[in-house]
Amino acid sequence: MKTEQTGTARSVAALNLAVLLFGLAAVIGRFVQAPSVVIAGGRVICSAAVLLALSLLSRTPLRLANKRDLGLAVFVGLVLALHWTTFFQAIQVSSVAMGTITFSAFPLFLTVLEPLVFRERLRLEGVLEAIALLAGVMITLPPDGLGSGAAAGAAWGMLSGLAYAVLSLANRHLSARYPAQVVCLYEQGTAAVALLPAVLLWRGEWTMVGLCSIGVLGVVCTALAHSLYVAAQRRVSAQAAGVVSGMETVYGILYALVLLGEAPTGRELAGGTLILGVSFVASLRAGRR
């Protein structure tokens with residue numbers, strides 16, 4: 001029992017570290033002067049290359065058990081490509097705060113989808129946490145949220161959140177059967193293939209800052225962070241992981257303040273505080289399971 005609790009605590013710690021790194025992605029993406037689909041493509045191409053190299057060096061078996069798992073991994077890779085493209089699109093048409101805040105509503109999707117997919121009982125605490133998280137999102141939105149690019153940013157952010165919810169549910173199955181590195185390689189490799197045409201057809205020019213930013217996105221914010229996140233889902237439910245991932249909003253706003261000079265408003269601070277509290281409670285609850 002104690003060993004199991006220790007393993008769960010480590011999974012929760014890995015989950016929080018992954019979310020910390022995910023929060024950096026929104027800000028790093030702002031340093032790349034390219035369309036969102038190109039940024040997402042460069043990110044997964046770099047990440048997939050790193051994961052493939054590590055797998056070959058460590059001689060990690062890469063074969064999946066059956067065609068069903070292969071099909072699921074390919075499907076998740078396509079969803080991953082959609083998730084990151086729409087996320088960067090939300091950031092570009094609005095702001096880091098708007099993109100990360102609306103994206104963080106995805107635990108609401110998980111609360112509804114997870115019991116249906118895995119035939120589990122809908123937990124009251126999960127519903128309450130999702131509602132509280134959504135309240136944090138609503139508090140953070142400005143009163144004139146439909147002005148300028150806010151509406152478009154919110155729409156793209158919510159679509160990104162829905163894709164992320166589907167991704168989390170699928171990873172719960174795959175992460176229980178294969179090492180996180182293998183799961184991530186298949187998913188990000190698929191996303192890289194799907195987005196490669198957009199990268200090749202782009203007629204813009206890469207700057208040194210842009211290339212370095214893509215490198216950080218691919219290695220730190222993707223290969224490392226995504227592997228940690230998938231590994232954590234061995235012991236943490238997708239719903240609990242989703243609520244903890246609401247911290248990405250807080251981290252993104254803090255990174256934007258330090259690196260971009262985007263100061264959060266009072267509403268953003270209030271909403272971020274609520275999101276932080278809900279995520280902290282979810283971490284403690286997940287760690288006791």
Hydrophobic cluster membership, L224 vs V27, 4.5 Å side-chain cutoff: yes

Any W206 side-chain heavy atom under 4.5 Å of V32 side chain: yes

Check: V209 main-chain N/O paired with S213 side-chain donor or acceptor under 3.5 Å: yes

Atom of T190, atom of A73 and distance for their closest heavy-atom approach: OG1-O, 4.3 Å

Value rounded to 0.5 Å, distance of CG in D69 from CZ in R177: 4.0 Å

Reported CZ-to-SG distance for the pair R43 and C221, which is rounded to 0.5 angstrom: 6.0 Å

Joint hydrophobic cluster, F31 plus L24, side-chain heavy atoms closer than 4.5 Å: yes

Intermediate values then yes/no, side-chain contact (heavy atoms from CB on, under 4.5 Å), L72 and L174: CA-CA 8 Å; L72 180 60; L174 292 173; 3.8 Å; yes

Under 3.5 Å: donor-acceptor pair, side chain of Q92, backbone of A34: yes

Separation of T222 OG1 from I45 CD1 (nearest 0.5 Å): 12.0 Å

Single hit among L159, L82, I39, T100 for side chain to side chain contact (heavy atoms under 4.5 Å, CB included) with F87: T100

Closest heavy-atom pair and its distance - C46, V219: SG-CG2, 4.1 Å

ILVMFWY cluster, V258 and L21 together (side-chain gap under 4.5 Å): yes

Cluster overlap V216 with L20, hydrophobic side-chain contacts below 4.5 Å: yes

Side chain R30, main chain A25, donor-acceptor under 3.5 Å: no

Residue pair F103 / M158, side-chain heavy-atom distance below 4.5 Å: no

CG-CG distance between L167 and L162, expressed to the nearest 0.5 angstrom: 11.5 Å

Interatomic spacing from CD in Q188 to OG in S47 - rounded to 0.5 Å: 3.5 Å

Stepwise side-chain contact (heavy atoms from CB on, under 4.5 Å) check, V38 with L195: CA-CA 7 Å; V38 174; L195 297 176; over 6 Å; no

Parallel, tilted or perpendicular: ring planes of Y164 versus Y229, cut at 30 and 60 degrees: tilted

For G252 against V96, the heavy-atom pair lying closest together: O-CG1, 3.6 Å

Any donor-acceptor pair under 3.5 Å from H83 side chain to S160 backbone: yes

Minimum side-chain heavy-atom gap L64-V182 below 4.5 Å: yes

pair V37-Q89: side-chain heavy atoms closer than 4.5 Å: no

For S55 against S58, the heavy-atom pair lying closest together: O-OG, 3.3 Å

F75 CZ: over 12 foreign heavy atoms closer than 6.0 Å: no

Over all atoms of both residues, closest heavy-atom pair of G157 and A90: N-CB, 3.6 Å

Transitive ILVMFWY side-chain link L51 to L56, under 4.5 Å: yes

Shortest non-hydrogen separation from A223 to V50 and the atoms involved: CB-CG1, 4.4 Å

L52 side, atom CG; Y186 side, atom OH - distance, nearest 0.5 Å: 10.5 Å

Side-chain donor/acceptor of S227 to backbone N/O of Q181, under 3.5 Å: no

Aromatic ring pairing Y255/Y251, orientation class (parallel under 30°, perpendicular over 60°, tilted between): tilted

